[in-house]
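Here, residue 1 is the first one in the sequence, and each next residue gets the next number. Source: prediction; values computed, not measured.
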Amino acid sequence: MTSPLTPPPPPHGRPSHTSPSGESAQPPQQPGPEGTAEGAQGAQGAQAAHGQAWQAPAAGDAGATGSLYGQDGPGMKTEVREAAVITVAVALGGVLLGLLWLWLAPRVPLVGDVTDNSWVVYLKDSEGEQAVGVDGTFTLLALALGALSAAVVFLVRRRGGVPLVAALCVGGLLGSLLAWRLGLWLGPDHDVIAHAKAVGKGVTFSAPMKLGAKGALLAWPLAALVVHLGLTALFGPRDPDPYAYDSGSAK
């Protein structure tokens, strides 16, 4: 018997590997050294093999993305600037509230008298409700101006936003404070004794303006908040329904 013949070794001393079908496998190609033309071609081929997943977006895509973000609103800086303008405008409306309060509020009648060579002042109608009417007039006027300011702001800017609502509330509170102080300043004299001496004994004169219920100062911001939220819920812009597009594409 003779021993089986062994195949000769492959060139360069590397063992050959055969595939299951009997074909010899090609040895892996080594990339060229870095910095050579072969290395650059290999790197370009690897990038092409990976596809376009790692490519930077085109300029048009970036602009489209920015436009999509721009559709959500004017931006935080613009909203804060608009909120500051609305706060000042609503607060200046307190001048109108103060003048209307001074004009429409009932007067509390007082009478001066002399007792033991000293002046005293007392209510002419001790059971009158003029003092309650003063507070009620301020509250009703503040509610009306709060609803009016909210409607105007909603018509100017329907999209709304947290800075806008905060501006309405802060501006309404500042406007109420301004109206209160303006009514006290333009109203009758606060020195009732001097006023009684000026008009004479037994002559009726008006008491100075006074806001007994300080909670009336919150009527304007509360009315503005409720009316604006109601208008936004009823007539504000709606976000597109994502399910409507899915159902349309399915058809």
Side-chain angles (χ1 to χ4, degrees), residues 59-106 133-188 190 208-242:
D61 297 339
T65 306
S67 63
L68 291 177
Y69 282 110
Q71 293 177 0
D72 295 337
M76 182 57 65
K77 291 183 179 180
T78 305
E79 288 186 356
V80 171
R81 184 166 55 252
E82 291 178 353
V85 173
I86 291 173
T87 301
V88 175
V90 174
L92 290 178
V95 176
L96 178 61
L97 175 58
L99 295 177
L100 290 176
W101 180 46
L102 185 62
W103 178 36
L104 299 176
V134 173
D135 295 347
T137 302
F138 186 93
T139 303
L140 292 177
L141 290 174
L143 290 174
L145 287 178
L148 179 61
S149 61
V152 171
V153 170
F154 175 77
L155 292 177
V156 172
R157 189 172 182 274
R158 291 177 176 268
R159 184 172 293 275
V162 175
L164 191 68
V165 177
L168 274 174
C169 295
V170 175
L173 182 58
L174 294 177
S176 298
L177 293 173
L178 178 61
W180 173 43
R181 303 308 301 178
L182 184 64
L184 297 182
W185 179 50
L186 297 178
H190 288 264
M209 300 292 291
K210 181 181 179 182
L211 189 62
K214 298 301 187 294
L217 298 173
L218 300 177
W220 188 331
L222 289 178
L225 176 63
V226 172
V227 172
H228 187 271
L229 291 180
L231 292 175
T232 304
L234 293 175
F235 307 106
R238 298 290 189 272
D239 294 333
D241 188 6

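Annotation: the span from Phe154 atom CZ to Leu168 atom CG amounts to 12.0 Å, rounded to 0.5 Å. A distance of 12.5 Å separates CG in Leu143 from CG in Leu148, rounded to the nearest 0.5 Å. Interatomic distance, CH2 of Trp185 versus CG of Leu102, reported as 11.5 Å (0.5 Å rounding). To the nearest 0.5 angstrom, Leu96 atom CG is 11.0 Å from Leu178 atom CG. The structure places CG of Leu164 at 4.0 Å from CD1 of Ile86, a figure rounded to the nearest 0.5 Å. Atom CG of Leu104 sits about 10.5 Å away from atom CG of Leu99, to the nearest 0.5 Å.
When all heavy atoms of Leu231 and Ala151 are compared, the pair lying nearest together is CD1-CA, 3.8 Å. When all heavy atoms of Gly172 and Val90 are compared, the closest pair comes out as N-CG1, 3.5 Å.
Under the 3.5 Å distance criterion, the side-chain polar atoms of Trp101 are matched with a main-chain donor or acceptor of Val134.
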Atom pairs and distances, donor-acceptor, side-chain atoms in residues 208-229, under 3.5 Å, two or more places apart:
from	atom 1	to	atom 2	distance (Å)
Lys214	NZ	Leu211	O	2.8
Trp220	NE1	Ser149	OG	3.3

